[in-house]
Amino acid sequence: MRKNKEKDHFMSEQPQVIRREDYTAPAFLIETVELVFDLDREATTVTSRLSFKANPDRATGAGDQVVLDGEDMKLLSVAIDGTALAASDYQVDATSLKFNAPSDQFVVEIQTRISPVNNTRLEGLYVSQSAYCTQCEAEGFRRITYFQDRPDVMATYRVTINAPRDSCPVLLSNGNLVSSTDLDDGRHQAVWDDPFPKPCYLFALVAGDLACVEDSFNTMTGRDVALRIFVEHGNEDSCDYAMDSLKRAMKWDEDVYGLEYDLDLFNIVAVSDFNMGAMENKSLNVFNAKYILAKSDTATDTDFELIESIVAHEYFHNWSGNRVTCRDWFQLSLKEGLTVFRDQEFSSDERSRPVQRIKDVQRLRAGQFPEDGGPLAHPVRPDSYMEINNFYTATVYQKGAEVIRMMHTLLGTKGYRKGIDLYFERHDGQAVTCDDFVRAMEDANGVNFDQFRLWYSQSGTPNLVWNGEYDAKQQTYRLTIEQKTEPTPGQVIKSDLQMPIKIGLLGRDGDELLAQTIDLTLGKQEFLFEDIAQEPVVSFNRDFSAPVNVGTTPSHDDLAFLMGNDTDAFNRWEAGQKYASDLLINAVKAFGQSGNADEALGDVDAFCNALRATLTNDDLDKAFRAQAMILPGEAMLSEQLQPADPEAIYQVRQAMRRKIGLSLQDEFEAAYRNNASNDAYSPDATSAGQRALRSVALSYLAATGESVFVDLALEQYRTADNMTDRMTALMVLNDQDHPGRDEALADFESRFASNTVVIDKWFSLQAMSSRTDTLAQVKKLMDHPAFTMRNPNKVRALVGAFAMANQRNFHVADGSGYRFYADRLMELDDLNPQVAARLAAPLGKWRKFDEGRAAKMKAELNRILAKENLSRDLYEIASKSVA
Ligand code: 0A1
Ligand code: ZN
């Protein structure tokens, strides 16, 4: 139990800690679920008919009491086997309904009333614009009706929806449509039946007046699957890319995993109000509209990329998540780590593999490494939680995917596939654990992953240090690697992990002397390579084969050499990042003394020359070159400094950008000119790469401070025929003191005022401006007619972007950024605790900063903890963050 250290005056009750080790199988199973929804915005009636059966695997002495979860609804009636229960026959409280089981097999009928229009949490059944929709993962189903809301209770569902025909012509649920009938009083009815047993978190219902875009996919066994995307009217012309992505994902899963879609219908619905990115409900995926809607003039290349990967991700869940699901929520990475790995590989196959890997690693480093090194660190398979919604984390998703990737590397493509085949063969239709997945990999390949399993239970990012010794006489190279993981909250003692490290040894002429994957298992381990004809340059952890920090920094000469010669594209990029980080970190430290960023940086010509070689190397693809030009971000640099001075980091990074812009001005001007396109916009990876390179060029040219280049950005804004070019120009203008900034922002606002997805870009941009009036602007924008605290996308775009993507202004030394942010989190907590909690992490970074900032950040966390009616969600994050 959690220690009751001090008397908690702020919350009426301590949230309970749920522990993985306490798992017990459910005493009763529910085999079939029949649901009838009488939809009404204020008062929807839900009637459920559940067939219970005692679980043969129940723990002995589990008793005959049935406990169903239920929150925030009115219980109208309960009946067992056709007989209504008297009030004395059951107990109902704020979170449950309890009654005694009459026998080993019985049928329960329950009626509840809920209010979709007042559901601001967006969990359970709610209203988004004109439609009703549901979100049940993780524990939303208990807000619809009383149920055993846990993923190891799998049932088949038959769902009847009754609703007004005019306002809800479209009525959807999981599975197959059984019937559509007109009712009296202008209402109609649809009945849906899902033949596949599923946990209740995969249940979905959508009803509303939506437009539909339709296509089809012919499967590997020749079945035609109808594909439908439902959107608000007027958005029908923005679904092409999502539909195309879906078809490509379906084909890829057949080709690469041998997995075929299992129903004749696959529906996607795009809604504007959604807590997360999207949801994989069986055959009825619900999406945040921003990850579906895209046209050349409304979506950037990055948006197209995200749509492709998220559509694929949700589709892939049909097997990795739905057909085989999680036994309990501690096993979340079973489906999420695996499905992220699958979507990353899909994108790699569809686009540039090295660029995809670079982006995935950037995301891991930006989101997961700080989490793993901070107060919210937890293993890929957590041991405890207060609120499961707080565990949809970068660790469970991104690090979870890295763990799958390492198994793929250790076993090879064929061995991995053997393991996957065995996993689906063994566990189809079951709710299983991460351990079951690893066992399938072991059994299919005859290997032992006992040590490897630690990746699931140990938190923290390992740090690797390597050392090389060349023996010219023996022509051998001895590589010594040491690994160490720092303690994390609640986990002080760390063990050595097994990990595959890909390395290359390069000759000075650029020849690859050796390329190998080594199997690191010890705390300190030596590897001897023979027949090495010259002292090599080491390319370490190629392709980021293990998700670790590498503490060894090669010489600047070696880094420049690797930037130009490494045969592993990822490590070419990595060498540039390491080189830049080293220069920037040293300069930030020196800036403390001089206060002059240019002086602190000193001579960076060698680095600029290495960048020039990459920029002008026409053998490299343009998307890669664009990535290679981008310096590590401010947050990334903060991670490497203790304490981090956000203003110094900002100044030094800007100065570096200016130096690079000046040094490579001719090359950037040429890149800008030569990469203009006269063709109509196409979102494909090659065209996107060309635009990315041109964007990088413009942004460095503007960094020189020459006003002609700001004029050039304004010109690009005015003539842009696609959103990528428009946003690039606007991002440059956004940081300037130039009349063009106001002109472009005003134009953007009036152009896209009625497009709720696009206007969020306008909010974010202003929230991310490095200008010192940004906080004042953000406060003002909260009164903009398009802004509302009730829409998660709006909150994330304006308030979230300010704290998460504007280090300079959020951390302004007087603490005004922190205060503003804490106020918003508390305001949001009363509306949507899940989203409030997900946004709270930035305040928990106080350990990274100087005493003044740290004290102010902690004070805000304490103010949040003292809030009346603080949610369990935000309490968990704030209390862990302040500790
Ligand atoms: N399973 C979804 C993401 C998701 C998770 C939680 C949600 O509500 C708490 C909603 C969606 C995915 O991985 O895409
Ligand atoms: Zn997922």
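No hydrogens, no waters, no symmetry mates; every other heavy atom, side chains included, goes into these values. Whatever order the structure lists ligands and atoms in, that order sets their numbers, starting from 1.
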Q) Salt bridge between K282 and D262, side-chain N to carboxylate O under 4.0 Å? A) yes
(Q) Using the side chain to side chain contact (heavy atoms under 4.5 Å, CB included) criterion, which residues pair with S245? Sequence neighbours excluded. (A) Y241, R248, E308, V311
Q) With a cut-off of 2.8 Å, does any N, O or S atom of E336 fall short of it relative to the Zn ion (ligand 2)? A) yes
Q.
Once ring pair (Phe, Tyr, Trp, His ring centres under 6.0 Å) is applied, do any residues pair with Y385, and if so which ones, sequence neighbours excluded?
A. F330
Q: Taking salt bridge (charged side-chain N to carboxylate O under 4.0 Å, His left out) as the test, write out the residues that go with K335, two or more places apart.
A: E137, E280
(Q) Taking the ring of W192 and the ring of Y157, is the distance between their centroids below 6.0 Å? (A) no
Q) Between F37 and Y132, is the gap from one ring center to the other below 6.0 Å? A) no
(Q) To 10 degrees, how wide is the angle NE2 (H313) to the Zn ion (ligand 2) to NE2 (H317)? (A) 100°
Q: Using a strict cut-off of under 4.0 Å between a residue heavy atom and any atom of ligand 1, list the qualifying protein residues by chain and number.
A: Q135, E137, A138, M276, A278, M279, E280, H313, E314, H317, K335, E336, N389, Y392, Y397, Q834
(Q) Determine whether a donor-acceptor pair (N or O, by modelled atom type, separation under 3.5 Å) exists between the side chain of N275 and the backbone of P792. (A) no
